[in-house]
Every structure is written in C-alpha cells, then in structure tokens.
Amino acid sequence: MAARTKVTDLRSAIAEHVHDGMTVCLEGFGHLIPFAAGHEIVRQGRRDLTLCRMTPDLLADQLITAGCVTRLVASFFASGSAGSLHEVRRRVERGDPEQLDVEEYSHYGMICRYQAGAAKLPFFPIRSYAGSDMPQLNPQIRKVNDPFGGPDIYVVPPLNPDVTILHAQRADRLGNVQMWGILGAQQEAAFSADVVIVTVEEVVDEDVVRSDPNRTIIPAHAVDAIVECPGGAHPSYAQGYYDRDNAFYREWEAISRDRSSALQWLQEWVYDLPGRDAYLSQLDPPRWAGLAVADRESGSVNYGRRRTSTLGQS
Amino acid sequence: MAARTKVTDLRSAIAEHVHDGMTVCLEGFGHLIPFAAGHEIVRQGRRDLTLCRMTPDLLADQLITAGCVTRLVASFFASGSAGSLHEVRRRVERGDPEQLDVEEYSHYGMICRYQAGAAKLPFFPIRSYAGSDMPQLNPQIRKVNDPFGGPDIYVVPPLNPDVTILHAQRADRLGNVQMWGILGAQQEAAFSADVVIVTVEEVVDEDVVRSDPNRTIIPAHAVDAIVECPGGAHPSYAQGYYDRDNAFYREWEAISRDRSSALQWLQEWVYDLPGRDAYLSQLDPPRWAGLAVADRESGSVNYGRRRTSTLGQS
Amino acid sequence: MNQARQSPVSDVAPSSSEFLAVVAARELRDKGRVFAGVGLPTLAVDLARRTVNPNIELVYESGVCGAHPAGLAEGIADSVLVSGAESVLTMQALFGYVLQGGSIDVGFLGAAQVDRWGSLNTSFIGDWRRPTVRLPGAGGAAEIVPNAGECIVIMRRHDRGSLPSQLDFCTSPSPVRAYAEDPRMVPPGHGVSTVITPMAVLRRPDKFGELVVTDIHPGLTVSDVKAATAWDVMIADSVRETPRPSWEDVRLLREEIDTVRLYLR
Amino acid sequence: MNQARQSPVSDVAPSSSEFLAVVAARELRDKGRVFAGVGLPTLAVDLARRTVNPNIELVYESGVCGAHPAGLAEGIADSVLVSGAESVLTMQALFGYVLQGGSIDVGFLGAAQVDRWGSLNTSFIGDWRRPTVRLPGAGGAAEIVPNAGECIVIMRRHDRGSLPSQLDFCTSPSPVRAYAEDPRMVPPGHGVSTVITPMAVLRRPDKFGELVVTDIHPGLTVSDVKAATAWDVMIADSVRETPRPSWEDVRLLREEIDTVRLYLR
C-alpha cells in the first residue's frame, strides 16, 4: 500500500491551514487540550479568528490575550475550579483593550452543534432553553414545530469550523487517530471541519492502530495533518501519559489578572521559544516529572482472525 | 461496595421482562445478533410483539414463523447475501398465513430513530427521502421547516422499545457492557428502551471492565439483566470469539421456503431444547469447531494511575 | 483536632465550606444517580459515599459514569475519575442519552443567583449587554435543571444580591418559567428542590411552587434570613434549626477527602 | 484455464458475473473513497484494488473505514472487514458524519429497477400495498444515492421490467425527483452516474439529465438495447463496444478473489 503520510511539523501545519479570519475549533474537554497548537497560532500571529471551544479555559485566555481572537463561540467561560478568565472578563466587561464578540450556548447546545455540523444537518433539536434568557442573548437558538404534534422544541444551528485542531494519544502516519479517556465532542468537532489537524503524543506504526480499530475515534480520511508533539497538551493532560498541571491552572489565575504579566508570560513561554520541545525543556524538571503517572493497563481483547480453511466453508 | 448483581438466566430474564404485545428491539448489525434470546422468546410463546430490528434477517424470519410477531419496524428485509426472508415475503405478499404489519425506514432513518428515542427528542432530522416514495409508504416520515432559512427537511420520530435485547462479548455483574468490532446502533437502541437485557459471551470481573472504561458501550445503570450465554449469537458471530456460520444462513434460505420445514426446524432447534447449551451441543461438533477464530490481540493501552504524592501538589 | 476530647457535634461556622458540604451530603441519603459538579458538590458526594449513602452513583458531565476515584477530583474532567471508572461515554451519549434521556436523579449545582422559583443565573451580574461581572455561563446547568429528576443548589452567599426578587439573567429556568413561555414545554424534571446557603436550607416541594425556608442554621433567626432575601420568602411552619455537622463528618472532609484544602476554604 | 495458451482478451459472456465485475472495476480507476455494497460490488472493489486502483479506500455501512480484509467478505458486516481495519465507527458516525457529511466519492449499489433519471427501486415489484415481490427495501441506499458524490449501479438483468418507463416504487430518488418535490431539496450528490447491465453501460453526465447508452457489450446491437429498455433510451454518438475483460482479470476473480464462487455465478 503506497498511501501518503500526513505527518508534518507543527509550524508547517499551522502555516498551511490556519489563516487570519478563519473559524478555528480547538476542542478537548479538560483532557487532551491542544495547547502546543494554540501556542503555535499565537507564535505565528494569526488575527481575527473566531475561536470555537466549549470550555474556553486558559488556552482561550492566552489566544485572546495575544490578540488572535475577535469572536468566541463557547458554553462555559471559566477555568474549571481554577477561577476566572481575566482577559475574557476584561474584554467582555469593559472592552479592555478591545471588545470581544461572544456567541453563547450551553454545553449540550455546543455538542449538538458539532453533531449537526458533522452530519450536515440544518439544525439539531435540544430539550433545553424553555423559559431561559439564552435565546434572547443568542438569536441563533430558535424554535421549531414538532410535526408529530408535541410541543415546540428549541434547535441550535450547525457549527462548521474551517479548521479543527485536536490533541490525541496516538495516530498512524495515514491519519487514523486513537484516543482514550475523556473523549468530549472531539469526533463530531473533527467531522464538522473542513480541515483537521491533530497533534499526538506518539506517531505509531499502522499495525498498532489496526490491532484495535474501535480505538480509532477519527478515521484517516477526515484528517489532514498529523504532528508528533509529545507533551503537547500541557498544562492539561493526556490520559496514561502525564497528568494535569493543576498548579499552573491556579497560577494562570494570578498571571492573567494583570494584562502585562500575561503578555510577559506569552513572551517567555511562546514568542521566545521555537516550539513545544523548548517549552518542555524550560519547565522546571521536577515539575514535569511530578506529572508522570504510574501504569494502569487496559489489558488486551481479542479481535480474532479468520482461519483460511473456514473461508466459504459449507 | 455492596451493589447488586444483575446476572440472571435467560429464561428468567425473558419471562420477567418480555410480555405479549410489547415493542421489542433485537439489534446487532450482522454482528452480535441475540439469537439465543430470540429463541427463548419463541420458546416462551410470546405473541403480538412489535419487533424492531434494522435488518430483520433470519432471526426475524424465525420469530415471525413462530407466530410471535405481528408488526415489524425495519429498514432492510433480507438476509444479506444469503437471500430472501421467505416467511416475511409470504406474509407481506400473500397474507399467508396471516398479514404482517410493516413500518419501514432506511438504515439511517432507524439509526436516527434510536438516537431520538435515547435522547427523548420528538424527532430527528435526516437528509434523505426528498423525491422518494418512502414518505408515502410511511406517514411517520414527515417534514419540518428550517428556522434558519434553509430548505425543509424530513424528520423521523423517536423509537422507544419496551425492551431492547442485545448480545455482547462481555459484561460485569453490575451490568457494564463491553463490545468491540461492529457496534451498529446498539448504544442508542439500549438507551432508548425502558428495559435492557444483554446476553454475553462472558461475565467478567469488575476489574476487567474497569481497566478499560472506554470499551463500555452501555453503562450499568442502563441495563436491567445480564445473562451469561456463550455462543448466544450463533449463527451470527462474536468478534474474537467465533465466526459467522455462513453456511447456516444459506441453509435457512432453503428451510424457510416451505413453512412446514421452517416450523420443523423450530421444533428441533428451539421448542425441543431447554436452551442455548443444548442447542450448541446439538450442532455438529466439526461445524462449531470450524467457526473458531485464531487470535488477533488488540494490545493494551495505558490509562495511567495518579501517584499519591502528586495529588494537589503545587 | 482531637475528636476524642470533643462533643460529637462540631462547632464549625454555618458559613463554612465544611458546614455546607455536610448539609449537602445529608440531602443525598436516599438518592441514586447524581450528576456532580465541581467544588462543594464534589466534597458533598464524596462525604455522602463515606457516610449516609455508600451506593451513590457518580456521573460527570465529562462522560464518566460509575467513577471510582482514587483521590479527590480536581475538576469534572480529572484523570482520577477515568482510571478505574466503569465507563467513559462520549459527551453526546452523556448529555443526550443519560441526562436528557432521563437517567439522572439529582443534579448538584452552584449558582450566583437563585430566585423564588428556583431559576438560576450563572451568566451575568448587571445588564447582560455590558455586564458588571461576566460569570462562567450555562455550561451543563441549562441541561441539568430541566432534565435531572431534581436539583440541589449550593450557594456560597446568602444576601439580597444572590437571592434577588428578579434575576439579572436567567440561565437555567425553573419549570415555572418554562410554563410561562409555553405550558406544553414544561420540562420533565422537578427543577430546583433544595437550596443550601450559609444561612438556611430552602425547599421547593411543589414543582410549580416557591422556595420555603425549612432549616435555619444555628445562631440565626427567621428575621436574619428574611432580611437577607430580596423577596418575601416563605418560612415553613415546621422550620427547625439545621443540625450541626458531627466532628466525624468534619474530620472526614479535612483529613480524608480534601487533605490539601482544595475546596475547603 | 490456461492463460498462456489464450488471447489476453477473454471470451466470458457479457451477462456473466465476471464481465459485470470487470466493467465495474474499471469504472473505479480514478475514484477515492468507495461505499461498497455486498455481492458484485464486493468483487469489483477487490479487483479494482488489485488492478486499476491500489489506493482505493473501502468504507462499509457497518461502520468499517479503511478495511484490509484478509479474505473475501461474505457480507458488509463480515468479521474479516473488522480484523486489521483502520477504524470501526458507530453507525451514527458512519451514516451521519462520513456519508451524510459528504466524504464518500462513490456509492456502489444494486437495484431491481432503474429509471431514465437514475432513480432506484429496491422495495417492491407490483403495487406496494400488496406487492407481487417484497424486495429488501431501502437499507442504506436511500442515504447513499443523495449523499455519495456519485453512484454506480450494477443490474443483474436488462429488460423492460428492470429498466421501466415508470418505477413500481421509488426507494432512492435521483436529483430530478428531489427537484420535482422541492427545488431547494436537491441533494448534494450527483445521483446515479453509471449503470452497468448485462447488455450495456449507461451514463448520466448531467446531474439533471437522462441515462445515455455509451457502451454496448460485444455481440449486441443498439436495437437490442433499445428493445430491452422500456423508455426510448438515448444512445451516445460516440457509443462503442464495451472492452472485454482480460483473462488476467477473470483469473484474479476466479482464482484469487472469489475462489468459492460465492458471488460469481
């Protein structure tokens, strides 16, 4: 089989596929957040992006601080238990330093938008929002009649990013992406996009992928670029590879309170570094070592293999 | 943890949960078809069932031959490459020996019906049927307006069986069901039902299930009964356990051409036997042995385990 | 703290995290499947599992069902919730099939504002077009309130701003508001059944009724609670003093559950 | 068969499975991702992969993408399609995201009837309220025809019953029929582009146009084809004789692909 490889480097993948003014989705629900790819977008100075992300945590705060993003499509504007997103708050509350457009849904609204986008549906019905102010805040949340005689139901529109960027545990060079642990809405977010870039902890042999085809969340044909980028999810985590750097999440709350300190952080950790390897090298070694996890193996299941003699036997 | 076991035997599970007049879903798309459970329904003489099954292959033909089913909800009325379903054809074409009501969709229509049923949606939109005679055949295929200004779109109604019955490779006693290989629409079919019965090749220790939580397709809370039933999918197959008995699929085409020979088959293989163990014993040993598969292991992945020392470290 | 030398009943302040978490845990005594949010709900479900309800089932919006965390989860997508869990579902399955499908008994939430009918604001303080404070927004709350069997809300504050007569913004509506929009769109769930604040416990036994003060924390009076509530809040005839946490509950929280004082403040 | 003693061009009958499979395989020369049905399409994609298109990607409605079967698949849910595949998706992902999402280049189907616009009947012969023959029904065809980039149809028969002026029932409509229902509901796909019968190859280069006979199998005439087609079928100016299969193609089918003559008849 002479299929082409999709493996490239992160700089090339972002340079080729992410352009000013695009709608860019970076997904990962607490897990496998594509921080390295987000930082490369910052480093390359993209502007006027519409950022789609259910939970715009500190990765979104960093992209917005860097001036890459003018519009945010999201459902939860905080960094989990680690507090506020101060750059988002400055912009939304005071237009400081500039206004940020926000298009807001609930979590399930965003999930259904990705499914509608992936399946090219004009809308997706959802049993939320009756009595809420959300449809007043966001006129894209609309109502339709039930043709079977039930009550009206709210619907959300499809979401079709120009580019979706994800991080995963592993992929083969053809682009088959395998993930485990929390999967969020990543499959739908990938299929809904024109272009898909996936950074991975490891590029593995095709035989590894093909030994466990149910683990493939995104098949090769939906993927445009694979980038091997170990540690690419830090300070979020990759199940089975390294744990979340909770301390950094808390630190960002303090760093981002002041816009100049946030910019200085970006200077030191993004602009002044060529990429993720240098970023990991710059981390305090005990800090990175402290995120290592012990083993907990899934165990193997048998997919079976037909014995030639049984083929067509009757 | 003192949680209750859901493990029971097949006779009890069917006796307790499947009653005359119910809407019963038996799913499995070529793979993991719950034949043993279907035969137990025949054996217990259920009547007036509405059978939901995307591909009513020979399991449906057997249930209908036995007089259990008066209504069929389905999307493909044939036995794959193995030919016609003669009992279905006799009833639909000539009302012989009785009429069979049919409610007909396409495959994706059925899949969307299960998702709508699982998510308690009043309908599910689908980009099929424009220009087709299907909506004339089935007035449950209806149209709605797109509130975002696009063209109208067809929708299908939710499907909510009283009972869904599945076969899987393994489950724990709590009811967490793990499958691999072709998964069809089984997850949606389970969540859409009031009661879920799952027969499995093996009841395994909870530790086995909990080592690979992404392999759990149906979580315990959605499951009412687990039945250990090795070989329960024969003549269909269980990936990694045994292969499909293609010869039997072809044989059924001949058996079912004549209603009396089909009834005789049911007598010999269902009514006269107490259950699946006896059925497997009655199979020609080389036949069953010929369906054995060689090993092809998935390999293991690492889920990781937090080292206590890192907890809350900052 | 030396438990042996003290009364079995603790003297932690009613406004403390420990007090709120213990009161919340007790509400879970006879509950089944709980959709647990981050923060105090995490403490409360963990405490409930160790005390009043060992069989409580924990479901997280990240897709984890049947979690068996080996340590305190720092967030609802923490890896400790995944390792050793019974299942990890996609979020479409979790929100669509498990939650909207009707399998959650109790949703466990925080909010910045709650109104007399149990509608919640987690989005904005001030005018939403130019808010004074941009709050986190809907997240999963807009799905949990209508679809869970009932919801328990923990408030970090009890004052006329957080229990206002009119919400600044309604993120997650009560059945009362859904009914007002369209009587046919009433959600399946009860909505908010219980609100636990630093002053009191309020309950809403009727799906279309108002919150009623049923428990007032030690040292506080009906007048205190009324004064801190912006609407003319109803007081139950049977109103009682909230039972204090035991020292054993407090010890579990401090020494076994949240040893690093992540949520305890 | 001893290939060495014979002409490189075979003499298998135009109505044979071998002939149809080879003609179909050649149509896949420059195609990418193919949604392969059971039967002759299975043979044709396998042959194409060994001859004109080694990079062809095989997708099956059972959820398998990037199949690498170690043997001939007996059905689209065969375990040999799963073992060693690149991915196995749920059917919601396969039908929704892959097919309806627009990632399939070619759908490969059979049908009992095809009309001049490429609409297909796979449901009923006779009046559908009391059919003479109950056919298999829609299956995935109702999704494949509108959503695949184009569709290739293989017919086992070519007569006035199977190429009628009016379908007994339209299961899978052409864009022409969709347009007639509502001009805004025209599907994204071209619909049927190619029909391969035991007599001829018909093509439909215009999304809203008619099928045109472009290739007539050896030994048959324009009159033969016209007489066997119920509508006044158009014949291309450039109509040619269908090139015969090579013996090598036939050998591959018989000796390597379908050694048990499962689909070859």
Side-chain angles (χ1 to χ4, degrees), chain B residues 28-31 54-55 74-78 80-82 84-85 88-89 91-95 102 104-109 111-112 114-115 126-134 136-137 143 150-154 180-188 236-237 239-240 243-244 246 249 293 296, chain D residues 38-39 42 61-64 74-79 81-84 88-92 95-96 99-100 119 121 123 126 128 130-143 146-147 167 169-188 262-263:
Chain B
F29 194 81
H31 179 217
M54 292 172 61
T55 51
S75 47
F76 193 75
F77 304 77
S81 56
S84 287
L85 302 172
V88 170
R89 288 189 56 185
R91 291 186 182 232
V92 172
E93 295 169 10
R94 304 195 301 274
V102 172
E104 186 166 353
Y105 299 85
S106 58
H107 277 350
Y108 194 40
I111 295 163
C112 293
Y114 287 127
Q115 181 169 353
I126 174 171
R127 292 184 62 164
S128 302
Y129 307 134
S132 170
D133 286 334
M134 297 281 292
Q136 185 187 350
L137 177 68
K143 248 194 265 195
D152 289 354
I153 186 160
Y154 278 99
W180 52 97
I182 290 167
L183 303 179
Q186 274 103 309
Q187 186 180 60
E188 293 84 354
S236 83
Y237 74 103
Q239 190 83 39
D243 222 330
R244 190 173 189 255
N246 288 309
Y249 274 74
V293 293
R296 197 186 201 294
Chain D
V38 79
T42 306
E61 65 184 13
S62 52
V64 181
E74 195 157 344
I76 43 88
D78 192 314
S79 68
L81 297 175
V82 171
S83 295
V88 179
L89 307 177
T90 66
M91 289 183 79
Q92 178 56 262
F95 272 87
L99 177 57
Q100 192 169 277
S119 286
N121 174 16
S123 296
W128 58 262
R130 175 59 78 183
T132 315
V133 184
R134 165 75 246 201
L135 297 166
E143 279 79 43
N147 291 306
L167 299 178
F169 183 87
C170 175
T171 317
S172 305
S174 70
V176 178
R177 279 185 67 119
Y179 184 93
E181 175 170 334
D182 181 343
R184 300 182 70 204
M185 293 181 81
V186 168
L262 182 63
Y263 302 125

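The analysis underlying the following values was restricted to heavy atoms, covering all of them including side chains, and did not include hydrogens, waters or symmetry mates. Everything numeric in this text was worked out from a predicted model, so none of it was measured.
Considering only heavy-atom pairs separated by less than 4.5 Å from chain D, the leading option among B:I126, B:L183, B:T55, B:V102 is B:I126. Between chain B and the residues D:R134, D:R130, D:R177, the most heavy-atom pairs under 4.5 angstrom are made by D:R134. Ranked by non-hydrogen atom pairs under 4.5 Å with chain D, the options B:K143, B:Q187, B:Q186, B:E188 are led by B:K143. When each of D:A178, D:P146, D:S172 is scored by its heavy-atom pairs under 4.5 Å with chain B, the top score falls to D:A178. Put simply, of B:A185, B:G150, B:A74, B:S236, the one with the most heavy-atom pairs under 4.5 Å next to chain D is B:G150. For the options B:G181, B:A130, B:G30, heavy-atom pairs under 4.5 Å to chain D are most numerous at B:A130. Here D:C170 is the residue among D:A142, D:C170, D:G137 with the most heavy-atom pairs under 4.5 Å with chain B. Chain B forms the most heavy-atom pairs under 4.5 Å with one residue out of D:P136, D:P173, D:P188, and that residue is D:P136. No other option in D:A141, D:G126, D:G96 has as many heavy-atom pairs under 4.5 Å with chain B as D:G96. For the set B:R89, B:R127, B:H31, the count of heavy-atom pairs under 4.5 angstrom toward chain D peaks at B:R127. Ranked by heavy-atom pairs under 4.5 Å with chain B, the first of D:L89, D:V88, D:V133, D:N147 is D:V133.
Heavy atoms of D:Q100 lying under 4.5 Å from chain B belong exclusively to its side chain. Heavy atoms of B:Q239 lying under 4.5 Å from chain D belong exclusively to its side chain. When heavy atoms are compared at a cutoff of 4.5 Å, D:T132 approaches chain B solely by way of its backbone atoms N, CA, C and O. With a 4.5 Å cut-off on non-hydrogen atoms, B:Q136 touches chain D through its backbone and its side chain both. Within the 4.5 angstrom heavy-atom criterion, atoms from both the backbone and the side chain of B:F29 approach chain D. In this structure, the portion of B:Y105 lying under 4.5 Å from any heavy atom of chain D is its backbone and not its side chain. Neither the backbone nor the side chain of B:L85 comes within less than 4.5 Å of any heavy atom in chain D.
Taking CD1 of B:I111 as the start and OG1 of D:T90 as the end, the distance is 8.0 Å to the nearest 0.5 Å.
Looking only at side-chain heavy atoms (C-beta outward), B:L137 and D:F169 come within less than 4.5 Å of each other. Contact check for D:N121 versus D:W128: no side-chain heavy atoms found under the 4.5 Å cut-off. No side-chain heavy atom of D:L99 sits under 4.5 Å from any side-chain heavy atom of D:E61. Looking only at side-chain heavy atoms (C-beta outward), D:S123 and B:E104 come within less than 4.5 Å of each other. Side-chain contact between B:M134 and B:Y154 is absent, with no heavy-atom pair separated by less than 4.5 Å.
Judged purely by atom type and a 3.5 angstrom limit, B:S75 has no side-chain atom pairing as donor or acceptor with the backbone of D:G139. For D:T171 (side chain) and D:A138 (main-chain N/O), no donor-acceptor pair under 3.5 Å exists by modelled atom type.
Remark: B:F77 pairs with no residue by the ring pair (Phe, Tyr, Trp, His ring centres under 6.0 Å) rule, at least two apart or across chains. Under the rule for a side-chain hydrogen bond (donor to acceptor under 3.5 Å, both in side chains), the partners of D:S119 that lie at least two apart in sequence or sit in another chain are D:S174.
Between B:Y108 and D:F95, the ring planes lie parallel to each other; the angle is under 30°, not in the 30° to 60° tilted range.
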